[in-house]
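Report on one structure; see the data block that follows.
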Amino acid sequence: MSQKTSSLLKNLSVMTLSVGFTQIFALLLKSQMPRILGVEKMGIFTFAESQAVLFFAFLPLGLTTYINRHVPPKPDHIKDILWTVMGVQIVMGIVIAAALFASLVFRGIDTLTIMVTMILGLQFAFFTFNRDILQNIYIILGEISMVSRLNMAVKLILVGGSMAVLYTSPSLVGVAIMHFVSEASSGAYLIYKSFKHNFVRVTLGAPYLKTMLKFSLPFYFASVLNGIYGQIDITMLERLTTKIEIGYFGAAWKIIGIGLVLVPIFQNLVTPVLSQAQGRADGSFAVLIKEYLHILIVACLPLAVGLILFGDTIASIINGPAFDVSHRTLAYLTPVLLMMYLNTFVGSCLYLASSGQRLSIIFIIGCLINVILDTFLIPWGLAHFGVGGAGIAVSFSTFLCESYVFFAMLFMLPQRIISGRFIWNCLIIFLPCWLGIFFHDAMIPIPIWERLLIFPLVIPYAIVTGLLTRRDMQEIKTLLAKKRL
């Protein structure tokens, strides 16, 4: 295990602990919203979130890619560009907010949904700016602990405020406002910190703007398409079904979202290291990709098995009995969760080592495939599975699209990553998902204590199948020994 990999695992453990802490509080909110608001209002909230994400996918302008490529090798460069980046993001945020509002009015969306969507749009604007720009910069600069503490504080504000709203005067607007307040607080602190450390050089002009846009715009189109691609399913459900179906799918997707919390952490931690390796052009870039991808695949196995075994129990605790229909959808979404982990990592590598134009082609084709599949499969899912069947159909189409994107991106990497061993390891982590889907009805009656006895079998399964090698176990042992010292 290389020194870079050991450092990555150390930083990953720090941020994972902070995420674990925040998720304990977040689960309180996630478990109360469905119970208090009900299926239809949760459908409105899910739709509003989807529209906010869809429109504000246009916000970053590809500037994140510029930062990831140019700041890790030369950290002081952030002082040259941060003021310009902030100004551009404010202008884009205003334009996007106006476009979102106009779109909702033109489509005849009701007033409540428009209000919730606009507030969540502002929240997601701050979230995107915080995560992709400000937090990304501080992670590159090694401020892992600060970012972790800030995320914990933001989550406490969100959960505490939203719970107060739900138990005093429950409303979608009130909960949406607390989402905005929590992210705006984070943004205000990071901006204050940036000024305090003299990262912001206030000028009347826009230094480096032309240079940044010339580099970033090809990637901007790709990132926008990626954002659209990720929200197509909710849009198609809104077109072809009801808010009830969106509510059921949203309940299952919320559990998947909990499983996705490590995606931005892993992405932010590996990107600076990979950027430095790519800049050296000494062959270490491909070596690190293979190391990190193997770590990710191994980590995905217990995640998949845990969600298959305990997904219905977790969903019952969080969503309540009114959303039991969504449990089957959650099982079908488990392979999608794994594909999203893999695609996020490979996509990060491509943003560092390829052109935005080629990525855009992948996402355009992916969007078209997704729309076509949803158009035919959603009515089939409703007819075949009944209530909640639309979400199951969406799970099929999303997995097929994610698989296409994954292999298309792998073939775009400048170094060969695909091998027989790699394909085998991928099959190993997806096999429990497929078995869990096939035997879903038979597994539901199994008591929790018996499932708890099954879960540890993931270790011998990984060893017997060769996913976890003797070398891997020795490296893990060595790393743990170093931590004790």
Side-chain angles (χ1 to χ4, degrees), residues 15-53 112-128 130-131 135 147-190 243 246-262 264-265 310-324 326 330:
M15 297 199 73
T16 300
L17 287 174
S18 71
V19 168
F21 174 81
T22 58
Q23 283 303 308
I24 293 174
F25 290 94
L27 287 175
L28 294 175
L29 177 59
K30 291 179 185 293
S31 65
Q32 295 307 303
M33 283 182 62
R35 288 172 167 81
I36 295 174
L37 298 177
V39 177
E40 186 169 356
K41 286 187 176 180
M42 285 305 298
I44 294 174
F45 195 84
T46 300
F47 171 76
E49 277 190 315
S50 172
Q51 293 301 294
V53 173
L112 174 62
T113 304
I114 290 177
M115 289 179 63
V116 175
T117 304
M118 293 305 300
I119 296 170
L120 290 179
L122 294 176
Q123 176 259 336
F124 192 74
F126 269 103
F127 173 79
T128 302
N130 294 340
R131 181 195 61 188
Q135 287 193 12
V147 172
S148 298
R149 290 193 300 269
L150 179 60
N151 286 335
M152 287 190 283
V154 169
K155 192 65 68 175
L156 288 174
I157 294 172
L158 169 62
V159 175
S162 297
M163 293 290 283
V165 170
L166 290 172
Y167 279 97
T168 56
S169 180
S171 72
L172 283 173
V173 174
V175 173
I177 289 174
M178 288 315 305
H179 278 71
F180 166 71
V181 169
S182 62
E183 285 299 334
S185 300
S186 174
Y189 175 77
L190 289 171
K243 288 184 173 66
I246 297 175
Y248 285 131
F249 178 77
W253 190 254
K254 179 169 60 178
I255 309 300
I256 295 298
I258 295 173
L260 284 171
V261 292
L262 294 180
I265 295 174
F310 308 112
D312 61 311
T313 303
I314 296 171
S316 294
I317 294 172
I318 294 176
N319 296 323
F323 291 83
D324 287 352
S326 68
L330 178 59

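Looking at residues two or more places apart in sequence or on another chain, you find a side chain to side chain contact (heavy atoms under 4.5 Å, CB included) between Ala315 and Ile255, Asn319, His327, Leu330. Not counting sequence neighbours, the partners of Thr46 by the side chain to side chain contact (heavy atoms under 4.5 Å, CB included) test are Ile234, Ile246. With sequence neighbours excluded, no residue forms a side-chain hydrogen bond (donor to acceptor under 3.5 Å, both in side chains) with Gln123. With sequence neighbours left out, the ring-ring contact (aromatic ring centres under 6.0 Å, His included) criterion links Phe180 to Phe126. Taking the ring-ring contact (aromatic ring centres under 6.0 Å, His included) definition, one finds that Phe323 meets it with nothing, sequence neighbours left out. Under the side-chain hydrogen bond (donor to acceptor under 3.5 Å, both in side chains) criterion, Ser326 pairs with no residue at all, not counting sequence neighbours. Remark: Glu49 pairs with Phe45, Leu120 by the side chain to side chain contact (heavy atoms under 4.5 Å, CB included) rule, at least two apart or across chains.
Atom CE of Met163 has more than 12 neighbouring heavy atoms from other residues, nucleotides or ligands inside a 6.0 Å radius. More than 12 heavy atoms of other shown residues, nucleotides or ligands fall within 6.0 angstrom of atom NZ in Lys254.
The nearest pair of heavy atoms linking Asp324 to Gly320 is OD1-O, 3.7 Å. The minimum heavy-atom distance linking Ser162 with Leu29 is given by the pair CB-CD1, 3.4 Å.
Sorted by first and then second residue, the pairs that involve residues 176-189 and meet side chain to side chain donor-acceptor pair (under 3.5 Å), not counting sequence neighbours, are Asn130-Glu183.
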Listing, residues 165-177 side-chain donor-acceptor contacts under 3.5 Å, not counting sequence neighbours, or none:
| from | atom 1 | to | atom 2 | distance (Å) |
| --- | --- | --- | --- | --- |
| Tyr167 | OH | Gln32 | OE1 | 2.6 |
| Thr168 | OG1 | Ala164 | O | 2.5 |
| Ser171 | OG | Gly174 | N | 3.0 |

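Atoms CE and CD1, on Met42 and Ile44 in that order, are 10.5 Å from each other to the nearest 0.5 Å. Atom-to-atom distance recorded for Ile157:CD1 and Met152:CE is 12.5 Å, nearest 0.5 angstrom.
Remark: side-chain polar atoms of Arg35 are not paired, donor with acceptor, to backbone N or O of Ala322 under 3.5 angstrom.
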